[in-house]
Amino acid sequence: MPLPRRPPGPAHTEYTEHTESTESTGSAEGGKDGKDRENRENREATDAGIRDWYENVLAWPTVPGEPVRLLTGERFDVLDVPATAGSAALRRLAAAADRTGTGADRTGKEADRPGKGAGPAAGGATRGDTAVSSFPSSPGLPGLPGLPDLPGFPVAVHGDRMWLLVAAGGAEELPGILQWLEWGSLPLDLTAIGTGGLVEAPAPPGRRRTGPLQGAAVWMRPPVAGCEVEASLPTMSAWGGVGGAPDLVRLVNTLATECHRVRLGRVSAQPLAFS
């Protein structure tokens, strides 16, 4: 005797729903994969353009990987300071250059140059650092004032840090300069990136990096294509760099002063602890 047959209605409905659900899921997954692939290709194309600009326009070496990173120690070194201290230091240097009309103290007079005893122990930390309220400035980032047009060497911001490009070899000179200026005994938030170091490559002028932009490195004063950028970088030369850049000693002294002020401000803002 044959067994009773199951009504075809529910079974057919169940199969249809399952098929439609499977096709819908596959379509969604395919769309997501396609979007991810498109984003990846756009990111790779953008990085390739950034890498090409640094390697072929500026002749700055990069390293493989994402994001594009620049190799320090060959064409330039980097001084790394808090962004607030770096901005204040550059504005003071520009103000000094504006007062003297020499392009950041490039007078060649020994009396105008920081020397032994110019640090905090000798009361020289603020020498010649009279504040000014107005001078030409370039557009800044949110929460960070614009940078003055002088001195004109490349400067970038990465998060709450500022990178100031100096001549190759400057990173090795930094500890000695700080000791010579009597800053060596103080815990300054001033470091250098030299031979073998890496920094994230900011997007070239007029281009935008794909992907998350928050915290990405940004040029506040980009290098100028079509010229020898290194000629404008601060050096140990007695005459400093060209194009308004200060000599490395004066730059370090001013940065150390502002880093010290930032540190003192943080200490004074801390609540007193009573035992």
Side-chain angles (χ1 to χ4, degrees), residues 76-115 118-120 122-141 144-157 161-167 170-171 173-174 177-178 180-183 188-192 219-224 229-263:
F76 62 89
D77 286 352
V78 171
L79 299 183
D80 184 342
V81 299
T84 51
S87 180
L90 291 178
R91 296 175 79 85
R92 288 184 177 276
L93 288 168
D98 185 61
R99 290 195 305 271
T100 60
T102 57
D105 296 330
R106 289 165 53 209
T107 62
K109 297 180 181 179
E110 189 62 26
D112 294 334
R113 293 171 49 76
T126 59
R127 184 184 60 175
D129 282 341
T130 304
V132 296
S133 58
S134 63
F135 42 80
S137 61
S138 59
L141 297 177
L144 190 65
L147 295 185
D149 290 339
L150 293 175
F153 57 95
V155 177
V157 171
R161 308 293 298 182
M162 179 175 285
W163 294 339
L164 301 97
L165 272 61
V166 298
E173 300 285 355
L174 179 62
I177 294 175
L178 291 174
W180 187 56
L181 295 172
E182 299 184 2
W183 285 109
L188 301 173
D189 191 5
L190 167 58
T191 59
W219 282 118
M220 292 198 71
R221 186 186 293 127
V224 179
V229 180
E230 290 77 9
S232 69
L233 301 181
T235 71
M236 286 291 291
S237 168
W239 293 95
V242 300
D247 65 84
L248 184 61
V249 173
R250 181 162 297 278
L251 175 62
V252 169
N253 188 46
T254 310
L255 287 172
T257 299
E258 296 303 330
C259 286
H260 185 53
R261 286 174 174 163
V262 169
R263 176 177 172 272

Margin query: I need the minimum non-hydrogen distance between L190 and C259, along with the two atoms involved.
Written below: CB-SG, 4.2 Å
Note to self: Rounded at 0.5 Å granularity, tell me how far CD in E230 sits from CZ in F76.
What the structure shows: 8.5 Å
Next item on the list: To the nearest 0.5 angstrom, please state how far the CG atom of L164 sits from the CE atom of M220.
Entry: 10.5 Å
Checklist line | Pairing residues for R263 by the side chain to side chain donor-acceptor pair (under 3.5 Å) criterion, not counting sequence neighbours | finding: none
Item checked: Trace of the side chain to side chain contact (heavy atoms under 4.5 Å, CB included) decision for E173 with V166 -> CA-CA 11 Å; E173 300 285 355; V166 298; over 6 Å; no
Next item on the list: Please round to the nearest 0.5 Å and tell me the distance separating atom OG1 of T84 and atom CE of M162.
Entry: 8.5 Å
Check: Among all residues two or more places apart in sequence or in another chain, which pass the side chain to side chain contact (heavy atoms under 4.5 Å, CB included) test with P154?
Finding: L165, W219, P223, V229, S232, L233
Notebook entry, point to check: Between G170 and L248, which heavy-atom pair has the shortest distance, and what is it?
Noted result: CA-CD2, 3.9 Å
Next item on the list: For residues D189 and P82, report the shortest heavy-atom separation together with the two atoms involved.
Entry: O-CD, 3.2 Å
Check: A89: what forms a side chain to side chain contact (heavy atoms under 4.5 Å, CB included) with it, not counting sequence neighbours?
Finding: T254, L255, E258
Item checked: N253 CG to W183 CH2 distance, which is reported to the nearest 0.5 Å -> 6.5 Å
Check: Which value, rounded to the nearest 0.5 Å, describes the distance between R250 atom CZ and L181 atom CG?
Finding: 10.0 Å
